[in-house]
Amino acid sequence: MSLFTADYRAACVLPSPNHGERVDGVRPDMIILHYTGMPSEEGALAWLCSPESQVSSHYFVHEDGRVVQLVPEERRAWHAGKSFWAGETDINSRSIGIEIANAGHPEGLPPFPDKQIEAVIELCRDCGRRLDIRPERVLGHSDVAPVRKVDPGENFPWGRLHAAGVGHFVEPVPISGGRFFQKGDSGQPIEALQSMLSLYGYDIDITGEYSDKTEGVIAAFQRHFRPALVDGVADMSTIETLHRLLSTLPRYT
């Protein structure tokens, strides 16, 4: 692919061939954040630009804060894979994908440098303003593909992004004792929990059975919104944090 003009003015351009048309000409209304999960950022960037990989993202954020645009925003980058959010299944057509250079879980979740997070914040702010993306639609790969994906991981500072005006977040309810639900449980409380997760946007079947999938969705929720303990168990901290999120969702008319 030939060079193009960066949509984000602070980005330099390194074209990836891995992209296509947005289905039905839909405009992006989501931002999906990823970590690269590879040992080196140079290797990750090369992989996103290789025809062999069949993967890409719109943006790549280096550890030192440099931002590279790989795919024009008007095009459909290939970053989310099989995914779902709030009834939508073609997340690639609806989103801007941002890959953040970080080795992730395979290397023990190394910290994200301050300069890198500052760059992610500014990039998300810019995309949000230009594309009119609502805060609750800035999500992690693990939110739209729970069980299958775990990035950007429980060390990603979602609270810091929210404090800077990016994303929807509430202070997690502290972990304490009390009743909890886990795999194998069933009944009306499980159905209510599944309904709340579905209302927020997660892909979950409302069956009243605490299945493997329910456990995986709870773990994805914890990874984003209650990262102190990611175990797939719906304790009171997890449930009350979910309640708070739902009660603070912006209302649109």
Side-chain angles (χ1 to χ4, degrees), residues 32-37 83-85 100 102-114 116-117 120-121 135-136 138-164 166-249:
I32 306 299
L33 302 182
H34 309 251
Y35 66 40
T36 55
S83 48
F84 175 101
W85 192 257
I100 304 164
N102 184 279
H105 289 83
E107 298 295 329
L109 290 172
F112 295 87
D114 285 342
Q116 186 180 43
I117 294 302
V120 171
I121 288 170
E136 69 273 18
V138 180
L139 299 160
H141 198 188
S142 57
D143 293 309
V144 300
V147 181
R148 191 174 68 85
K149 294 294 182 179
V150 294
D151 57 309
E154 50 268 37
N155 280 0
F156 188 74
W158 290 104
R160 181 173 167 186
L161 266 67
H162 179 255
V166 176
H168 182 221
F169 194 80
V170 295
E171 190 65 26
V173 174
I175 298 171
S176 62
R179 190 179 184 188
F180 63 88
F181 304 104
Q182 60 186 348
K183 190 166 65 175
D185 290 341
S186 62
Q188 193 279 329
I190 308 303
E191 184 176 340
L193 174 62
Q194 292 168 334
S195 296
M196 288 191 296
L197 290 163
S198 176
L199 182 60
Y200 196 73
Y202 286 95
D203 181 16
I204 190 166
D205 302 318
I206 303 171
T207 63
E209 303 290 331
Y210 207 114
S211 61
D212 288 342
K213 184 174 182 179
T214 298
E215 182 181 62
V217 171
I218 287 290
F221 174 84
Q222 292 169 334
R223 195 164 274 118
H224 186 155
F225 296 108
R226 209 287 308 272
L229 178 61
V230 180
D231 59 2
V233 174
D235 58 4
M236 286 298 101
S237 166
T238 300
I239 295 169
E240 288 302 316
T241 301
L242 176 55
H243 272 294
R244 287 186 182 183
L245 279 167
L246 288 170
S247 67
T248 57
L249 267 178

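Source: prediction; values computed, not measured.
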The side chain to side chain donor-acceptor pair (under 3.5 Å) partners of Ser83 (sequence neighbours excluded) come to none
Hey, could you give me the OH/NZ distance between Tyr35 and Lys149, rounded to the nearest 0.5 Å? 8.5 Å
Rounded to the nearest 0.5 Å, the OH atom of Tyr202 sits from the CH2 atom of Trp85 at a distance of 4.5 Å
Ile121 to Val166 - nearest heavy-atom pair and separation: O-CG2, 3.9 Å
For a side chain to side chain contact (heavy atoms under 4.5 Å, CB included) check, start with the C-alpha distance between Met196 and Leu199, then their side-chain angles and the critical distance, and finish with the verdict. CA-CA 5 Å; Met196 288 191 296; Leu199 182 60; 5.5 Å; no
I'd like to know if the side chain of Arg226 pairs up with that of Ser237 as donor and acceptor (distance under 3.5 Å, no hydrogens or angles considered). yes
Shortest non-hydrogen contact from Ile190 toward Gly208: CB-O, 3.6 Å
Between the main-chain N or O of Pro110 and the side-chain N or O of Asn102, is there a donor-acceptor pair closer than 3.5 Å? yes
How many angstroms lie between atom CD1 of Ile175 and atom CE of Met236, to the nearest 0.5 angstrom? 13.0 Å
Test side chain to side chain contact (heavy atoms under 4.5 Å, CB included) on Phe221 and Leu245; report intermediate values, then the result. CA-CA 11 Å; Phe221 174 84; Leu245 279 167; 3.4 Å; yes
Side chain to side chain contact (heavy atoms under 4.5 Å, CB included) between Val230 and Val150: does it pass, once the steps are laid out? CA-CA 11 Å; Val230 180; Val150 294; over 6 Å; no
When every non-hydrogen atom of Gly37 is compared with those of Pro106, the smallest separation belongs to O-CG, 4.2 Å
Please check if the side chain of Glu215 supplies one atom and the backbone of Gly184 the other of a donor-acceptor pair under 3.5 Å. no
For Asp231 and Gln222, which I'm curious about, is there any donor-acceptor pair between the side chains at under 3.5 Å? yes
Distance col, row Leu197:CG vs Ile239:CD1, nearest 0.5 angstrom, shows 9.5 Å
Is it true that Thr241 and Thr238 share a donor-acceptor pair across their side chains at a distance under 3.5 Å? no
Search all heavy atoms of Asp185 against all heavy atoms of Phe181 and return the closest pair with its distance. OD2-CA, 3.4 Å
Give a yes or no on whether the backbone of Thr207 and the side-chain of Gln194 come within a donor-acceptor separation of less than 3.5 Å. yes
Scan side-chain atoms only and decide if His224 and Ser142 contain a donor-acceptor pair under the 3.5 Å cut-off. no
How long is the gap from CG on Leu242 to CD1 on Ile218, to the nearest 0.5 Å? 7.0 Å
Given Phe112 and Arg160, is the side chain to side chain contact (heavy atoms under 4.5 Å, CB included) satisfied, shown in steps? CA-CA 12 Å; Phe112 295 87; Arg160 181 173 167 186; over 6 Å; no
If you look at every heavy atom in Arg179 and Pro189, which pair is closest and at what distance? NH2-CG, 4.3 Å
Ion pair check, Lys213 and Asp203, cut-off under 4.0 Å: yes
Return yes if a side-chain donor-acceptor contact under 3.5 Å exists between Glu154 and His105, otherwise no. yes
Side chains of Tyr200 and Leu246: closer than 4.5 Å at any heavy-atom pair? yes
Atom pair CD1/CZ of Ile117 and Phe156 - distance to nearest 0.5 Å: 4.5 Å
If you apply the rule side-chain hydrogen bond (donor to acceptor under 3.5 Å, both in side chains), what do you find for Ser195 with Ser198, and how did you get there? CA-CA 5 Å; Ser195 296; Ser198 176; over 6 Å; no
Closest approach of Pro146 and Val217, non-hydrogen atoms and distance? CG-CG2, 4.0 Å
